[in-house]
**Student:** 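One structure, as structure tokens, below. Some questions next.
Sequence lines set the chain letters: A, B, ... in the order given, protein chains first and strands last, and positions in each chain run from 1.
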Amino acid sequence: MEEIRLRFPPSPTGYLHIGSARTALYNWLFARKHGGKLVFRIEDTDMERSTEEAAKAIIEGLKWLGITWDLGPYYQSDFAQEHREAAERLLEQGKAYRCFCTKEELEEKRKAAQKEKREYGYDRTCRSIPKEESDRRASNNEPFVIRFKVPDSDEPVVFEDKVYGRIVTNRKEIDDFVIVRSNKVPLYILSNVVDDHRDRVTHIIRGADHITNTPKQVLLYQAFGWPTPVFAHMSLTLDSQKAKISKRRHGEMATVAWYKEHGFLPWAFCNFLALLGWNAGDDREYFPTSDELVEAFSLEGLSKTNAVFNYRKGDPKFITDPKAIHINSLHLRSMAIESLLPYVKSELEKAGLWKDNYDSDEREWFVEMVDLLRARYNLTTDFATLGRPYFTEDYEIEEKAMKKGLKKDPGIKEYLPVIANKLEALDPFDKDAIEMCLRELAENYGVKVGILTNAVRAAVTGQNVGPGLFELLPVMGRGRVVARIRRIASSLG
RNA sequence: GACCCUAUCGUCUAGCCUGGUUAGGACACCAGCCUUUCACGCUGGCGGCACGGGUUCAAAUCCCGUUGGGGUCGCCA
């Protein structure tokens, strides 16, 4: 049986874009699902815009996402000679022809057509130039491009799209398109077909923006006598203004790197991306592992309608699609704690909060603390921002914590030193003992236990929100807790 | 403008093919419950079949049209 092969062929003209990442993801999922291979090919035939840095950034992005490939990366430009030869073959067979029209001439015709509100298509001026003349002009070094000669026929060009169904195109809608530039560099439309054939690609999953050039490529496959692969076009992702998401309009938020920097877990982000324009057919949206997504994935679940990325510029609650954050929190809270640790370490390092002891003597303490905190965090960056007081003595008492925790009851500044003394002497220093201790004290003072817990929380974390206090204190450790309470108590004057 | 694609809550979507559902789920939002705080969780609420014609006993579902949205129309990919 023929091996299933897919490909991901980005052009290296910028960072890895979330739309490209989604395309890569779907190809990868499909390949894995069917035991196939994924070809990674960098389409750099546009030398003007392609850069090595961009290629690197794309590779980095894919690696971070965990999207792996089986073949490549190949560079399309390495195969330029093969593409030229393919074009040469078409030329010899009369399936393509040299076009000597200059850019300026064509531009003029285009403008004239626009002015008269006629639709513009290449007028086939050079299609009828006799072979002898064409050869002569070529050997005289007259510049030319090579155009594909769309075969005359009454039959429309048809292909069966796995998502959109049967796409029928009238040949009159297809120009004799250019396949080789005047500088002899082949164009994408040609190179792409030649490469896909050489790489034995069986399935092409790509953005719906390629739908209209698919008939041209189908014609090329036919001209070469090659079987056409299966096409599956996927809906695009737009912003709330219904514009294509782009770095230019949306800034870094449109790049994969942004998600890496803002505390997203790679697999969680893939999980979210997969949901943009695809569904499992049941109510499942959370896929703990890639195996589960692979199992659920199928082309039938792809949506035909463009997805709108729910992001509002300038709105802090919508720095990105809130569903992305939600999915991330699901993964953050339930993934294996060992897998989460490196991400937390990285965030703490960036914030200057990391201590090497967390990898050795204090490792147990660190793991317990992370586990306690993650239950209410959404992003890995939260450990360094919201979590700051847990990892350093250098923390502020937030205003809300001061008000709701430390100033809530006038007696608090009397209670706090007593609590510190009690906790210092408590044995064992565990959840139940601490709870009993604080409840007893509350009863003695005739206040609700919440007054005491909130005060202690405010003192030891500077915050009025956080893990359950009775769980937190034993993890934090007696020494640290008592010291913090005393320090804050004395500062209350 | 021409050609192609598309249309279900604010957003992602199920349902459409094979007409009969109180049009389902998720995110977001609101309320309540839980509770030592905040989250989580649970319960409930808000909110949608773009419009107009057909076909039919019956239309989100089938057909036609309108409107809206998107894509493409390069010697970019």
**Student:** Would you mind classifying the nucleic acid contact of Phe177(A) as base, sugar-phosphate or nothing, using non-hydrogen atoms under 4.0 angstrom?
**Tutor:** nothing

**Student:** NA contact type, Gly281(A), heavy-atom cut-off 4.0 Å: base, sugar-phosphate, or nothing?
**Tutor:**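 Result for Gly281(A) = nothing.
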
**Student:** Side chain of Glu285(A), heavy atoms from C-beta onward: which of rA77(B), rC12(B), rA26(B) has the nearest atom to it?
**Tutor:** rA26(B)

**Student:** Expressed as a whole number of Å, how far does the P atom of rG74(B) sit from that of rU18(B)?
**Tutor:**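 Result for the P pair: 40 Å, nearest Å.
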
**Student:** Rounding to the closest angstrom, what is the interatomic distance between rU72(B) and rC64(B) at atom P?
**Tutor:** 27 Å

**Student:** NA contact type, Thr212(A), heavy-atom cut-off 4.0 Å: base, sugar-phosphate, or nothing?
**Tutor:** base

**Student:** Give one of base, sugar-phosphate or nothing for Leu469(A), where a contact means two heavy atoms less than 4.0 Å apart.
**Tutor:**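 If one applies the 4.0 Å heavy-atom cut-off, Leu469(A) turns out to touch a base.
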
**Student:** When the P atoms of rC62(B) and rC16(B) are compared, how many Å lie between them, rounded to an integer?
**Tutor:**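 rC16(B) and rC62(B) have their P atoms separated by 9 Å.
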
**Student:** When the P atoms of rG25(B) and rU43(B) are considered, how many whole Å apart are they?
**Tutor:** 11 Å

**Student:** Distance criterion of 3.5 Å, no angle test: do you see the side chain of Arg376(A) paired donor-to-acceptor with the base of rC38(B)?
**Tutor:**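 Yes.
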
**Student:** Take atom P in rC38(B) and the same atom in rC29(B), then report the distance between them in whole Å.
**Tutor:**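 After rounding to an integer number of Å, I get 16 Å for this pair.
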
**Student:** For the pair made of CZ in Phe159(A) and C1' in rC5(B), what is the distance, rounded to whole Å?
**Tutor:** 10 Å

**Student:** Of the nucleotides rA77(B), rU13(B), rC5(B), which one has an atom closest to the side chain of Tyr164(A)?
**Tutor:** rC5(B)

**Student:** Quick one: which of rU36(B), rA26(B), rC75(B) gets closest to the side chain of Val178(A)?
**Tutor:** rC75(B)

**Student:** Taking the six-membered ring for Trp, are Phe297(A) and Trp278(A) closer than 6.0 Å centroid to centroid?
**Tutor:**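 Here the rings of Trp278(A) and Phe297(A) have centres that are less than 6.0 Å from each other.
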
**Student:** Can you check the Lys216(A) NZ to rC4(B) P distance for me, whole Å?
**Tutor:** 15 Å

**Student:** Separation of Leu373(A) atom CG from rC40(B) atom P, in whole Å?
**Tutor:**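 Those two atoms, CG and P, are 16 Å apart.
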
**Student:** For ring pair (Phe, Tyr, Trp, His ring centres under 6.0 Å), just list the numbers for Phe231(A) and Phe159(A), CA-CA rounded to whole Å, side-chain angles, deciding distance to a tenth of an Å, and then say yes or no.
**Tutor:** CA-CA 8 Å; Phe231(A) 289 98; Phe159(A) 73 95; 5.6 Å; yes

**Student:** Is the shortest distance from a Lys or Arg side-chain nitrogen in Asp176(A) or Arg127(A) to a carboxylate oxygen in the other one below 4.0 Å?
**Tutor:**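 Yes.
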
**Student:** What interatomic distance, in whole Å, is found between C1' of rA7(B) and the corresponding atom of rU61(B)?
**Tutor:** 14 Å

**Student:** Classify the nucleic acid contact of Asn213(A) as base, sugar-phosphate or nothing, counting any heavy atom under 4.0 Å across all strands shown.
**Tutor:** base

**Student:** Indicate, with a heavy-atom threshold strictly under 4.0 Å, whether Thr45(A) touches base, sugar-phosphate, or nothing.
**Tutor:** sugar-phosphate

**Student:** Just how far, in rounded Å, is P of rU37(B) from CG of Leu473(A)?
**Tutor:**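 Whole-Å distance recorded here is 16 Å.
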
**Student:** Please work out if Asn464(A) contacts a base, only the sugar-phosphate, or nothing of the nucleic acid, heavy-atom cut-off 4.0 Å.
**Tutor:** base

**Student:** Side chain of His326(A) only, please: which of rU36(B), rA26(B), rG70(B) is the nearest?
**Tutor:** rA26(B)

**Student:** Whether the side chain of His210(A) engages the backbone of Arg206(A) through a donor-acceptor N/O pair (distance < 3.5 Å, no angle test) should be reported.
**Tutor:**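 Side chain of His210(A) to backbone of Arg206(A): no pair is present.
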
**Student:** May I ask which nucleotide in the shown strands pairs with rG19(B), Watson-Crick or G-U wobble, both distances under 3.5 Å?
**Tutor:**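 By the stated definition (distances under 3.5 Å), nothing pairs with rG19(B).
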
**Student:** What nucleotide, of rC75(B), rA39(B), rA77(B), holds the atom closest to the side chain of Arg333(A)?
**Tutor:** rA39(B)

**Student:** Between Glu295(A) and Arg284(A), does at least one N-O distance fall below 4.0 Å, as a salt bridge requires?
**Tutor:**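 Arg284(A) and Glu295(A): salt-bridged.
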
**Student:** For Lys109(A), does the NZ atom sit with more than 12 other heavy atoms under 6.0 Å from it, leaving out its own atoms?
**Tutor:**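 Counting other residues, nucleotides and ligands, NZ of Lys109(A) exceeds 12 neighbours.
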
**Student:** Measure from the ring centre of His210(A) to the centre of the six-membered ring in the base of rA77(B), then say whether that distance is under 5.5 Å and the planes meet at under 30°.
**Tutor:** yes

**Student:** Run the ring pair (Phe, Tyr, Trp, His ring centres under 6.0 Å) test on Tyr445(A) and Tyr415(A) for me, step by step, so that the C-alpha distance in whole Å, both residues' side-chain angles and the decisive distance to 0.1 Å come before the verdict.
**Tutor:** CA-CA 8 Å; Tyr445(A) 290 134; Tyr415(A) 308 154; 4.0 Å; yes

**Student:** Quantified in whole Å, what is the P atom distance between nucleotide rA23(B) and nucleotide rC46(B)?
**Tutor:**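 It works out to 14 Å between them.
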
**Student:** Write down the distance between NE2 (His233(A)) and C1' (rU72(B)), rounded to a whole number of angstrom.
**Tutor:**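 Computing the His233(A):NE2 to rU72(B):C1' distance gives 11 Å.
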
**Student:** Calculate the interatomic distance between Leu441(A) atom CG and rU36(B) atom P; express it in whole Å.
**Tutor:** 16 Å

**Student:** In whole Å, what is the span from the CZ atom of Phe272(A) to the P atom of rC12(B)?
**Tutor:** 10 Å

**Student:** Whether the side chain of Arg439(A) and the base of rU36(B) hold a donor-acceptor pair under 3.5 Å is what I'd like checked.
**Tutor:** no

**Student:** Base, sugar-phosphate or nothing for Val308(A)? Non-hydrogen atoms, less than 4.0 Å.
**Tutor:** sugar-phosphate

**Student:** Using a heavy-atom cut-off of 4.0 Å across all strands, would you classify Ser182(A) as base, sugar-phosphate, or nothing?
**Tutor:** base

**Student:** With sugar-phosphate meaning primed atoms plus P, OP1 and OP2, does Pro9(A) contact a base, only sugar-phosphate, or nothing at under 4.0 Å between heavy atoms?
**Tutor:**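 Answer is nothing: Pro9(A) stays at 4.0 Å or more from every strand.
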
**Student:** Figure out the CZ/P separation between Arg110(A) and rA2(B), and round it to whole Å.
**Tutor:**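 To the nearest whole Å, that distance equals 19 Å.
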
**Student:** Base, sugar-phosphate alone, or nothing: which one does Lys304(A) contact when heavy atoms must sit under 4.0 Å apart?
**Tutor:**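 Sugar-phosphate, backbone atoms only, no base.
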
**Student:** Are Tyr377(A) and Phe383(A) close enough that their ring centers fall under 6.0 Å?
**Tutor:**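 Yes; Phe383(A) has its ring centre under 6.0 Å from that of Tyr377(A).
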
**Student:** rG52(B) and rA59(B): how far apart are their P atoms, nearest whole angstrom?
**Tutor:**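 That atom pair is separated by 14 Å.
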
